[in-house]
Amino acid sequence: MERQFPYPLVLDGDYSPHLNRRLWLVKWLLVIPHVIVQFFLWIAFLGLSMAAFFRILVTGRYPRAIFDFNVGVLGWTWRVGYYSYSALGTDQYPPFTLADDPNYPARLSIERPQSLSRGLVLVKWRLLALPHYLIIGVFTGAAFAGYDQVRNHNAWAYGSGLIGLLVCIAALVLLFAGRYPRGVFDLVVGLNRWVFRVSAYAALMTDQYPPLRLDMGGHETHTADAPITIGPDPLPAG
């Protein structure tokens, strides 16, 4: 029976078993331009999320323009993390865009809610999500991760925590065997999926509580009854 993944955030990554054995040694250097751009994007993300907080508090709606921008920031962050030390899942350099790139092997999208609870907006990001903060703190190496750390996912140390340990193992296997272990890949993507679900919840982009489960694998399986995911418009073909 096909499983459903009804959570509004969908995170995918294509499995590429044969990657460059040594490219990961210099990816920290190659992603510096992305890190610089993302620094400013995340400043904007935080400011716009605060504006969205007051809008939701008054109207119960997340402004569409802010929502699309924030989805773009999360998607960009996932692409860079997937290329670098959150997964080492691809050697394809990530594009400099907030739009969804259907040709890139890592993608993220979020279903935009029609309305949000004006009461939950006051408590979900600091109180209700606390158990998740502690869990993903283990994943990322921030054992006592708080709201600011969740919102600044791009600022986490990629070389620490369970994700960092697994990526290190994958890098060593890749270096000596020339192959990314599939089991490690599925686990790494599943852990990142958990982190980004909590990030979207903490950023007030959904009222649906992140599931306390690990959904492993590069792709989430959907049925006709699963929600349609939306975000910034995809890049034009060609």
Side-chain angles (χ1 to χ4, degrees), residues 9-39 41-42 73-97 100-109 134-145 149-150 152-199 213-221 235:
L9 182 144
V10 176
L11 180 147
D12 291 325
D14 295 340
Y15 174 60
S16 301
H18 301 292
L19 300 170
N20 187 294
R21 290 173 180 253
R22 300 177 180 84
L23 183 61
W24 63 269
L25 292 168
V26 298
K27 283 185 176 181
W28 65 271
L29 180 63
L30 299 178
V31 298
I32 287 178
H34 279 283
V35 172
I36 294 172
V37 174
Q38 284 190 322
F39 173 79
L41 287 177
W42 276 93
V73 174
L74 290 173
W76 193 328
T77 300
W78 170 231
R79 289 194 299 266
V80 175
Y82 189 77
Y83 171 79
S84 58
Y85 304 108
S86 275
L88 291 179
T90 183
D91 289 340
Q92 184 177 334
Y93 197 72
F96 285 83
T97 178
D100 178 39
D101 184 349
N103 298 315
Y104 197 74
R107 300 180 65 187
L108 180 149
S109 57
L134 300 177
I135 294 171
I136 66 175
V138 176
F139 296 167
T140 63
F144 299 99
Q149 289 169 312
V150 171
N152 286 282
H153 169 71
N154 62 317
W156 281 334
Y158 286 129
S160 59
L162 182 56
I163 292 175
L165 175 62
L166 291 170
V167 170
C168 182
I169 293 172
L172 292 175
V173 174
L174 184 62
L175 179 63
F176 292 105
R179 184 177 180 84
Y180 198 122
R182 182 57 187 261
V184 175
F185 173 84
D186 289 343
L187 181 54
V188 165
V189 174
L191 295 174
N192 277 285
R193 183 173 290 125
W194 193 320
V195 170
F196 275 92
R197 285 174 176 174
V198 178
S199 298
R213 69 166 186 257
L214 179 62
D215 292 325
M216 296 171 55
H219 293 272
E220 302 189 52
T221 303
L235 294 173

Tell me the closest heavy-atom pair linking [X] and [Y], and the distance in Å.
X    : Y    : answer
V189 : G218 : CG1-CA, 4.1 Å
P181 : V173 : CG-CG1, 3.7 Å
T90  : Y83  : O-CD1, 3.5 Å
L74  : S199 : CD2-CB, 4.4 Å
R193 : D12  : NH2-OD1, 4.2 Å
R179 : Y15  : NH2-OH, 4.1 Å

Counting C-beta onward and ignoring hydrogens, is there a side-chain heavy-atom pair between [X] and [Y] closer than 4.5 Å?
X    : Y    : answer
P17  : R182 : no
W78  : Y104 : no
L191 : L166 : yes
L214 : L187 : yes

(request) Tell me, please, which residues at least two apart from L175 pass side chain to side chain contact (heavy atoms under 4.5 Å, CB included). (result) R22, W24
Hey, does the side chain of [X] reach the backbone of [Y] with a donor-acceptor pair shorter than 3.5 angstrom?
X    : Y    : answer
T77  : V73  : yes
Y180 : F185 : no
Y82  : D14  : yes
N192 : S86  : yes
E220 : L11  : yes

(request) Show your working on side chain to side chain contact (heavy atoms under 4.5 Å, CB included) between L88 and L174 and close with a plain yes or no. (result) CA-CA 10 Å; L88 291 179; L174 184 62; 5.8 Å; no
(request) Indicate the ring-plane relationship of H34 and Y93, choosing parallel, tilted or perpendicular according to the 30° and 60° boundaries. (result)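 Correct class here is tilted.
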(request) Go through the structure and list residues passing side-chain hydrogen bond (donor to acceptor under 3.5 Å, both in side chains) with D91, not counting sequence neighbours. (result) K27
(request) Report the C-alpha distance between L134 and V138 in whole Å, list the side-chain angles of each, state the deciding distance to 0.1 Å, and finish with yes or no for side chain to side chain contact (heavy atoms under 4.5 Å, CB included). (result) CA-CA 7 Å; L134 300 177; V138 176; over 6 Å; no
To the closest 0.5 Å, what do you measure between [atom1] ([X]) and [atom2] ([Y])?
X    : Y    : atom1 : atom2 : answer
D215 : R197 : CG    : CZ    : 4.5 Å
L162 : F139 : CG    : CZ    : 6.5 Å
W194 : T140 : CH2   : OG1   : 13.0 Å

(request) Please report the C-alpha distance between V198 and I135 in whole Å, then the side-chain angles of each, then the deciding distance to 0.1 Å, and finally whether the side chain to side chain contact (heavy atoms under 4.5 Å, CB included) criterion is met. (result) CA-CA 10 Å; V198 178; I135 294 171; over 6 Å; no
(request) May I have all residue pairs that pass salt bridge (charged side-chain N to carboxylate O under 4.0 Å, His left out) and include part of residues 79-90, sequence neighbours excluded? (result) none
